[in-house]
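Hydrogens, waters and symmetry mates play no part in the numbers below; they use all other heavy atoms, side chains included.
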Amino acid sequence: SPLVNPENERPRLEYAVPPHTENLVTVNTDKELTQVSFELYFKRPAPKIKTVGDETHSLAIDLYDQMLEARLQEMIQRNQAPFIAGGAGDGRFIGPCQAYTVSATLRQDSLEAGIKGLLREVFRAKQKGFTQSELDRAKKRMMSAYERQYREREKTESSSYLREISNYFLRSEPASGIDFEYALAQHALEGLGERAFHVAERQHHAHVGRAGSVHVHGARDRTTASPLVRQERRPPHHGASVLLDRQPDPAGHVGHGPGM
């Protein structure tokens with residue numbers, strides 16, 4: 001390559017996100033906000049993706065997230081959710097820190113019910129797993145997405161390549177390209193099942209720090225601890241009982257957490 005780093009290259013510093021044993025909670029008010037939102041981050045060191053096995057594991061995580069996301073959206077469409085909108089997903093948080101993030105837009109008159117309703121679904125998926133039909137639908141959606149990206153690969157925007165190349169150099173993430181990713185999905189998706197989801201849910205919840213944030217409309221900008229959640233400033237627990245007042249009801253069984 002004709003690109004050469006300068007002789008006196010300025011070091012690129014990476015700032016760590018320190019682990020913590022307590023739950024960190026903030027409530028932020030802003031007079032310009034029109035809705036109440038909630039986020040909960042299960043933080044952990046970002047994984048290293050080096051092998052085909054690592055890439056396959058990433059597919060399992062994506063499937064897990066898609067199934068939970070679809071379950072939340074179905075609750076909303078059926079008017080069965082105690083929140084306006086909800087979602088969950090895994091991704092890079094800050095620097096070398098990864099986070100499994102669950103979030104919701106809450107109703108002004110039922111903040112606590114909305115938060116507990118979201119967390120109940122998150123821990124129900126962890127403990128009780130998903131049904132076979134949920135898994136089949138998620139695989140079909142994911143395969144369709146890869147097929148569409150592969151067919152339209154000549155129309156890929158430059159920003160997508162830029163992001164992939166940047167992550168390759170700055171985060172040591174593989175720049176596999178859609179050809180490899182599509183072939184991997186064709187080969188690996190069919191075999192992903194219960195064992196893969198055991199690993200996925202353990203990775204999501206095996207955190208080294210849990211942080212929650214609520215954003216509400218207020219007369220002035222401020223950040224404070226909330227009476228609603230201040231009681232949760234205690235060492236984290238891997239079960240649902242720390243954040244919920246009752247255990248989740250069961251779903252089907254495709255994969256669930258060990259020992260639950």
Side-chain angles (χ1 to χ4, degrees), residues 20-30 33-44 64-90 93 99-131 134 197 200-207 209-218 223-253 255-257 259-260:
H20 51 88
T21 56
E22 74 277 19
N23 292 318
L24 303 179
V25 180
T26 63
V27 174
N28 312 295
T29 63
D30 187 331
L33 288 177
T34 58
Q35 292 180 314
V36 181
S37 62
F38 166 76
E39 294 95 29
L40 179 64
Y41 305 95
F42 297 86
K43 298 181 293 182
R44 67 184 189 280
Y64 183 102
D65 292 345
Q66 282 194 27
M67 287 189 289
L68 180 55
E69 181 84 16
R71 184 178 287 181
L72 294 174
Q73 296 311 310
E74 185 176 349
M75 289 177 60
I76 293 168
Q77 291 170 6
R78 293 183 177 181
N79 202 28
Q80 297 173 340
F83 42 80
I84 299 171
D90 191 66
F93 183 51
Y100 177 52
T101 305
V102 296
S103 61
T105 302
L106 306 173
R107 298 189 176 97
Q108 292 275 0
D109 59 350
S110 55
L111 303 185
E112 185 171 358
I115 292 174
K116 286 185 175 180
L118 175 68
L119 296 181
R120 187 170 292 115
E121 290 306 312
V122 170
F123 283 103
R124 182 158 76 106
K126 169 183 167 58
Q127 295 181 7
K128 307 299 181 180
F130 300 92
T131 64
E134 286 178 304
F197 297 126
E201 71 81 15
R202 281 201 302 268
Q203 180 165 312
H204 281 339
H205 295 275
H207 53 84
R210 189 162 57 191
S213 179
V214 181
H215 305 273
V216 300
H217 174 82
T223 300
T224 183
S226 166
L228 172 66
V229 287
R230 186 182 293 126
Q231 61 181 335
E232 304 304 342
R233 290 178 174 271
R234 64 184 78 172
H237 186 273
H238 292 299
S241 58
V242 170
L243 296 175
L244 301 176
D245 51 13
R246 70 177 179 84
Q247 293 293 310
D249 298 323
H253 287 277
H256 54 80
M260 292 297 181

So the side chain to side chain donor-acceptor pair (under 3.5 Å) pairs with at least one residue in residues 77-89 (sequence neighbours excluded) are Glu74-Arg78
Taking the side chain as every heavy atom from C-beta outward, state whether Ile76 and Phe83 have any pair of such atoms under 4.5 Å apart.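 Answer yes - side chains close enough.
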Distance-minimising heavy-atom pair for [X] and [Y]:
| X | Y | value |
| --- | --- | --- |
| Phe123 | Arg210 | CZ-NH1, 4.4 Å |
| Arg107 | Leu111 | O-CD2, 3.1 Å |
| Ala125 | Leu68 | CB-CD1, 4.2 Å |
| Thr131 | Arg71 | N-NH2, 4.5 Å |
| Pro82 | Met75 | CD-CE, 4.4 Å |
| Leu106 | Ile84 | O-CD1, 3.7 Å |

Does the pair Leu118 and Leu72 meet the rule for a side chain to side chain contact (heavy atoms under 4.5 Å, CB included), with working shown? CA-CA 8 Å; Leu118 175 68; Leu72 294 174; 4.0 Å; yes
To the nearest 0.5 angstrom, please state how far the OG1 atom of Thr101 sits from the CZ atom of Phe42.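 It is 9.5 Å, given to the nearest 0.5 Å.
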Which distance, rounded to the nearest 0.5 Å, do you find between the CD of Glu112 and the CZ of Phe38?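 Going from the CD atom of Glu112 to the CZ atom of Phe38 covers 11.5 Å.
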Check the angle between the aromatic planes of Tyr41 and Phe93 and answer parallel, tilted or perpendicular using the 30° and 60° thresholds. tilted
Those residues that, when tested against Ser213, pass side chain to side chain contact (heavy atoms under 4.5 Å, CB included) (two or more places apart):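 Ser213: side chain to side chain contact (heavy atoms under 4.5 Å, CB included) contacts with Thr26, Asn28, Glu39, His215.
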Look at the side chain of Glu121 and the backbone N and O of Lys116, then say whether any donor-acceptor pair between them is shorter than 3.5 Å. no
